[in-house]
Amino acid sequence: LAAQAGIRQPHQGPLGMKQNGVALVTGLVLLTAVSLLALSAANSMTLHQRQAANFSDKTHALEQAHGAEAWARGWLFSREDIERESGCVFGCTLPAAIRPPGEIPDKPQFESLAWWRLNGHEAGIHPESGADLAPRTDGFDPSYWIMEERYFEPLETENAAGIAYYRIFARGRGKHPRSVAVTETIVARPWQGDYDASAFPPGTDQRTFCRQFSREVPCGVVAWRRLR
């Protein structure tokens, strides 16, 4: 119709067609770049979420191990003097649930969960009677502890005849089977003297037992480290 009416159509030469092609290619490149950036941001966000979840799970596993160690320490401080052979240095009669030196493997942090279940004691459970004193409510696997007496040091003071040093291993786990934390704690405990054993289950402040002794008498945690 335009031709019949005598209207002249604009003619695109090679230069105009080239410019249109460049604009189209540029738009496609920009669109591709924006898409890649969006995809990268989404992947990065997913990675950060996974890292945060893994960190939270590992933190929970360590907290579980701390709880098991505190439970073991509370049980140790609640033992009466008659449960350990008085003044004994080697081959002693020890309270139940305490191993003599050399019975625990060198690297219990690499032992399986089945080994811990068989050889350790579950936190919240009385190690002798098996009574459930602190039921778990978080849905996680139970944490475990195992203890051995390392050595006994005679020490004549007004309220203790000696100090025994104990090594406590504790294991905690998060939701993921690989989120495992194992800690080692060295604890000093006076024996045979004028003091009161602590209550069990342990209270919120386990320093009460050690406050009965002078500062010169070692008592409580003397070393700690994370093994796994």
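Since we're looking at a predicted model, the values are computed, not measured. Residues: numbered from 1 along the sequence shown. Scope of the values below: all heavy atoms of this structure, side chains included, with no hydrogens, waters or symmetry mates.
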- Query: Any chain of hydrophobic side-chain contacts (each under 4.5 Å) joining Trp224 to Phe169?
  - Reply: no
- Note on the structure: One should read off an interatomic distance between Leu133 CG and Ile125 CD1, to the nearest 0.5 angstrom, of 7.0 Å
- Item | Side-chain (Trp71) to main-chain (Pro201) donor-acceptor, under 3.5 angstrom | no
- Could you please spell out the steps behind the side-chain hydrogen bond (donor to acceptor under 3.5 Å, both in side chains) verdict for Tyr144 and Glu122? CA-CA 4 Å; Tyr144 296 91; Glu122 182 179 336; 4.5 Å; no
- How about Arg173 and Pro177: do any of their side-chain heavy atoms sit closer than 4.5 Å? yes
- Who pairs with Glu148 by side-chain contact (heavy atoms from CB on, under 4.5 Å), at least two apart in sequence or on another chain? Arg99, Ile104, Arg150, Arg167
- Message: Whether the side chain of Ser198 engages the backbone of Phe77 through a donor-acceptor N/O pair (distance < 3.5 Å, no angle test) should be reported.
- Response: yes
- Query: Any link between Tyr166 and Phe209 through a network of hydrophobic side chains (Ile, Leu, Val, Met, Phe, Trp, Tyr) touching at under 4.5 Å?
  - Reply: yes
- Residues passing the side-chain hydrogen bond (donor to acceptor under 3.5 Å, both in side chains) test with Asp81, sequence neighbours excluded, are Tyr195
- Item | His121 side chain reached by Trp75 side chain, heavy atoms, under 4.5 Å | no
- Message: I'd like to check Arg73 versus Trp145 (side-chain heavy atoms, cut-off strictly below 4.5 Å). Are they in contact?
- Response: no
- Between Arg79 and Glu128, does at least one N-O distance fall below 4.0 Å, as a salt bridge requires? yes
- Message: Taking Met147 as the starting point, is it possible to reach Val221 by hopping between hydrophobic residues whose side chains are less than 4.5 Å apart?
- Response: yes
- Query: Is Val89 reachable from Tyr165 through a run of I, L, V, M, F, W or Y residues, each pair having side-chain heavy atoms under 4.5 Å apart?
  - Reply: yes
- Message: Can a donor-acceptor pair be found, under 3.5 Å and without considering hydrogens, that links the side chain of Gln212 to the backbone of Asp196?
- Response: yes
- Message: Enumerate the disulfide (SG to SG under 2.5 Å) contacts for residues 76-117, please, sequence neighbours excluded, ordered by first and then second residue.
- Response: Cys88-Cys92
- Would a 4.5 Å heavy-atom cut-off, applied to side chains only, mark Glu111 and Arg171 as touching? no
- Considering only heavy atoms from C-beta outward, does the side chain of Val180 approach that of Trp116 to under 4.5 Å? no
- Donor-acceptor contact present, side-chain Arg228 to main-chain Gln109, <3.5 Å: yes
